[in-house]
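Have a look at the structure below, then the notes.
Note that these values count all heavy atoms, side chains included, but never hydrogens, waters or copies made by symmetry.
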Amino acid sequence: MSVNSSFSHTSMAYPILRGYADPEKAHEWTLVECAIKEKTERVLHRLNHSNPEMILASAYIFSCKELYEILSRYVLINPQVKVILGGPEFLGDNEAILRKYPWIDVIVRGEGEIPLKEVFEGKGYGYINGLCWIDDEGRYRDNAKATLAKMEDIVPHYSDLFDERRPFVQYETSRGCPNRCSFCTSSLDTVLRFIPLDDVRKHLQKIAKIGTTEVRILDRTFNIKSSRTLKLMQMFREEFPQLRFHCEVDPALVTDEFLHELKQMPKGQMHIETGLQTFSQDTYDTVQRRSPMDRTVKGLQILCDLENVEIHGDLIGGLPGATRESQLNDLLALIALEPAEIQLENLKLLPGTPMCEYKEIVAAPTPPYEVLRTATMNYDELTQVAEWSRLIDWYYNYQPLQIVLINAIKRKLSFFEEFHDHMRSQDAFAQPLNPEKRFRLLYDYLKKIDETDALFDLAQAWFLAGFSPERGLFPAKINPAQIPDGAEFICGQKEDSKVKRQYIYKYADKELYITYGKGCINNKKTSISLWKSPALVLQD
C-alpha cells in the first residue's frame, strides 16, 4: 500500500521490494495507491476488494497520519491481516508507535529489501536485522538497523518501476550520503552505493520509451563522485536530450570540470537543487555539515550565474544558533544570488536523526515534528520565518512577480521585511492567495509607500502573467501607431509577423508597449511581448 502526496507521485518501494523479496513470484502482489487527500472510504473499498493476507507500507511525515487512519479501520474489517510498516518515519525508537497501534505486527528500521526477503523466507523475527516488534509476552524487541543490500542485487528489480501514466519518474542512481548533517535522515546511511552506468542507461532508455520527459534523481548528492557525475551528464546530454533531469548538488563540490560539463547542457535540461540551508559556518560546524561555507557560497554563485540551468536554493529556519535577524540576512543573501526558485522551510526534528538529542530545540511531538522554539528563537519568530516562506512562494517563486520583488529589494534592502509587516497587518497569511490577489496586495502596498519604479515593474508583470490589458490594475489602450524606433525590447518574441493586438500603457513619463501574437508562452496559445519607451531607456 502506498499513500502519496499527490497522484503525480508513485511508490518506488513496491516494484523493488516485490522483485527482491519474492524473486520466484510465490505470492500474489497488489498495489493499492492513494493520495493523502483521497477519501478514506474509497481506499478501504480497494483494500477490502484485494483481500490481503499481508499489508506492506512505507510511512513518511506527510503521509503517516492518513496511513494510520486507513489501516486502523481496515484491521477491524480484516483482523487476520498482517501489517508490516517501514520508511523514514521509523528510523528512531519505535516502541511508542507499536504500543499505540497494536495492530502493527512489525516495523522495519532502514532499507527493507533484506528484512522483507528474510520474513518471506520464514526466518524468525529475532534473527532479522532491522525489525522492531512487541513479542508475545508484551516486551519491546529491537534488532537495530537493517542490513544494506548490494545495489547490483537491487537493480534487476527496477524493471517495473516506471509508470507511463505519471508526469515524472523518481529514480535513484546511488544510495547513501557521506555527510553527517544532524538534521537529516541521510546522515544515518553513510555507505555510498552506486548503480552501474550501463544499468542507468538501460533504465533511462525505458523511461524515454514510455514517453515520460522528467526524471527526478533521488541521489542525496548528485555530484558526490566527480568522475561518475561527469559521465552521467554526458550521457544525459548526448543520449537523452528529450529528458529533463532534476537533481541535488552540493555547491561546495562544484569543480571546473563539473562546471564545464554543466555549461554544455541544453538550456532547461537540468534543474539543480542546492541544499545550502544557511550562510553560517558556525551552524555548519554545529550540525556537522562538512562543506566549507566559503566554497559553498562561491559554488552557489557560479551555479546561479549560469543561463542554461535552473537553480533551486534551499534554506532551513530554526537551525542551532540561528536568530530572526540571521534568518532574514540568509534569505536576503540568497535572493541576491537570484536562483530560479527558493525554498525556506522551518526545521523538523525527524525521527532517528542526531538533532533529536538537541535539548535546546523543542519540536511538535507529532508529524511533521516542526520546531516550536530554540535557544535563540521563540515561537513568534519561527512563525515569521514560516510567513517569509509563504511570501517567497507567492512572490519569488511565481515567475511573473520574481523580478518585481528582486528589484524592490535592490532599491531598498528593508523592503522585504516591511512588506511582510504590511501583509501581517492585512491578515494575508490566514488565507491562500491566488495570483490576482497577490498582485492586488502588492499593488496596494506600493501605492501606499509611493514606490513608482516598482509599480511600473508590477505593470509589466501583470501583462506577462496574462491578465487583461483593458481591465484591472493597469488598464492600457489600443495603440494604433507603430512601436517607436529606439524602444527597448524586454521579453517575448521580438520579431512576430502575426501580431494580433497592440496596447500602450502609460505611467508618469514612462510608456510600455504590449503586443499579443500567435505563439506559446506560459503554456498559452498567445505570445506576449513587451517594449519600453525610448524615454525610459534614457532614464535607465
Side-chain angles (χ1 to χ4, degrees), residues 1-4 9-33 47 50-60 63-64 67-68 70-71 74-75 78 80-95 97-98 101-135 140-161 170-172 174-176 185 188-189 191 193 195 218 351-352:
M1 179 181 176
S2 175
V3 180
N4 305 317
H9 294 78
T10 190
S11 172
M12 286 187 66
Y14 170 69
I16 296 173
L17 291 177
R18 182 187 63 186
Y20 190 96
D22 188 20
E24 303 301 324
K25 299 182 180 180
H27 305 274
E28 181 180 344
W29 291 64
T30 301
L31 175 61
V32 176
E33 282 191 294
L47 269 178
S50 66
N51 192 29
E53 296 179 11
M54 177 186 293
I55 293 178
L56 310 174
S58 294
Y60 304 83
S63 67
C64 58
L67 182 65
Y68 292 150
I70 294 167
L71 293 182
Y74 183 72
V75 295
N78 181 2
Q80 287 75 40
V81 70
K82 183 184 290 292
V83 177
I84 300 180
L85 301 184
E89 187 67 11
F90 305 118
L91 294 174
D93 186 348
N94 294 313
E95 181 174 6
I97 296 172
L98 285 164
Y101 302 106
W103 42 264
I104 301 175
D105 288 271
V106 65
I107 283 173
V108 178
R109 182 192 288 117
E111 293 185 6
E113 285 86 1
I114 290 179
L116 191 58
K117 182 178 178 62
E118 292 179 341
V119 167
F120 275 34
E121 291 172 345
K123 200 171 182 179
Y125 288 175
Y127 301 96
I128 303 175
N129 291 337
L131 298 193
C132 304
W133 74 102
I134 303 296
D135 67 18
Y140 173 63
R141 304 286 297 276
D142 191 320
N143 281 2
K145 199 173 178 183
T147 303
L148 301 179
K150 297 178 181 178
M151 288 304 286
E152 56 266 32
D153 295 334
I154 297 174
V155 167
H157 311 298
Y158 273 63
S159 57
D160 297 325
L161 180 62
Q170 297 178 100
Y171 178 63
E172 56 186 2
S174 70
R175 290 186 183 181
T185 56
L188 305 176
D189 180 7
V191 181
R193 292 159 291 153
I195 293 180
L218 300 183

**Request:** Look up atom CG in Leu71 and atom CD1 in Ile55, then write down how far apart they are to the nearest 0.5 Å.
**Result:** 5.5 Å
**Item:** Phe120 vs Met54 side-chain heavy atoms within contact, under 4.5 Å
**Value:** yes
**Prompt:** Can you pull the salt bridge (charged side-chain N to carboxylate O under 4.0 Å, His left out) pairs that have at least one residue in residues 144-153, sequence neighbours excluded?
**Reply:** none
**Steps toward side chain to side chain contact (heavy atoms under 4.5 Å, CB included) verdict (Leu218, Met12)** = CA-CA 11 Å; Leu218 300 183; Met12 286 187 66; 3.2 Å; yes
**Prompt:** ring-ring contact (aromatic ring centres under 6.0 Å, His included) with Tyr68: which residues, sequence neighbours excluded?
**Reply:** Tyr101
**Request:** Find the distance between CD1 (Ile154) and OH (Tyr20) and round it off to the nearest 0.5 Å.
**Result:** 6.5 Å
**Where Gly352 and Leu188 come nearest, the two heavy atoms and their spacing** = O-CD2, 3.5 Å
**Asked** Any donor-acceptor pair under 3.5 Å linking the side chain of His157 with the backbone of Ile16?
**Response** no
**Item:** salt bridge (charged side-chain N to carboxylate O under 4.0 Å, His left out): pairs with one or both residues in residues 110-119, sequence neighbours excluded
**Value:** Glu111-Arg175, Glu111-Arg193, Glu113-Arg175, Lys117-Glu121, Glu118-Lys123
**Complete:** Nearest heavy-atom contact between Val108 and Gly112 is CG1-CA, 4.1 Å
**Fill in**
Smallest heavy-atom separation, Ile195 atom then Met151 atom, equals CG1-CE, 3.3 Å
**Asked** Any chance the side chains of Trp133 and Asp105 put a donor and an acceptor closer than 3.5 Å?
**Response** no
**Item:** Backbone of Cys132 reached by a side-chain donor or acceptor of Asn94 within 3.5 Å
**Value:** no
**Request:** Kindly compute the distance separating CD1 (Ile84) from CD1 (Ile107), expressed to the nearest 0.5 Å.
**Result:** 11.0 Å
**Request:** I would like to know whether Tyr125 and Val106 meet side chain to side chain contact (heavy atoms under 4.5 Å, CB included); could you show each step before the answer?
**Result:** CA-CA 9 Å; Tyr125 288 175; Val106 65; 4.0 Å; yes
**Rounded distance (nearest 0.5 Å) linking atom CG of Leu148 with atom CG of Asp189** = 5.5 Å
**Asked** Passes side chain to side chain contact (heavy atoms under 4.5 Å, CB included), Leu56 versus Trp29? Steps please.
**Response** CA-CA 10 Å; Leu56 310 174; Trp29 291 64; 3.7 Å; yes
**Prompt:** Can you tell me how far CD of Glu53 sits from NE2 of His27, rounded to the nearest 0.5 angstrom?
**Reply:** 9.0 Å
**Asked** Got a second to check how far Ile128's CD1 is from Asn143's CG, nearest 0.5 Å?
**Response** 8.0 Å
**Any donor-acceptor pair under 3.5 Å from Asn78 side chain to Asn51 backbone** = no
**Prompt:** What are the two closest non-hydrogen atoms of Tyr140 and Arg109, and how far apart are they?
**Reply:** OH-NH2, 3.8 Å
**Message:** Looking at every heavy atom in both Ser58 and Leu67, which two are closest together, and how far apart are they?
**Reply:** O-CD2, 4.0 Å
**Request:** Please lay out, stage by stage, how Lys82 and Trp103 fare under the test side chain to side chain contact (heavy atoms under 4.5 Å, CB included).
**Result:** CA-CA 8 Å; Lys82 183 184 290 292; Trp103 42 264; over 6 Å; no
**Asked** What is the minimum heavy-atom distance between Met1 and Val3, and which atoms define it?
**Response** CE-CG2, 3.9 Å
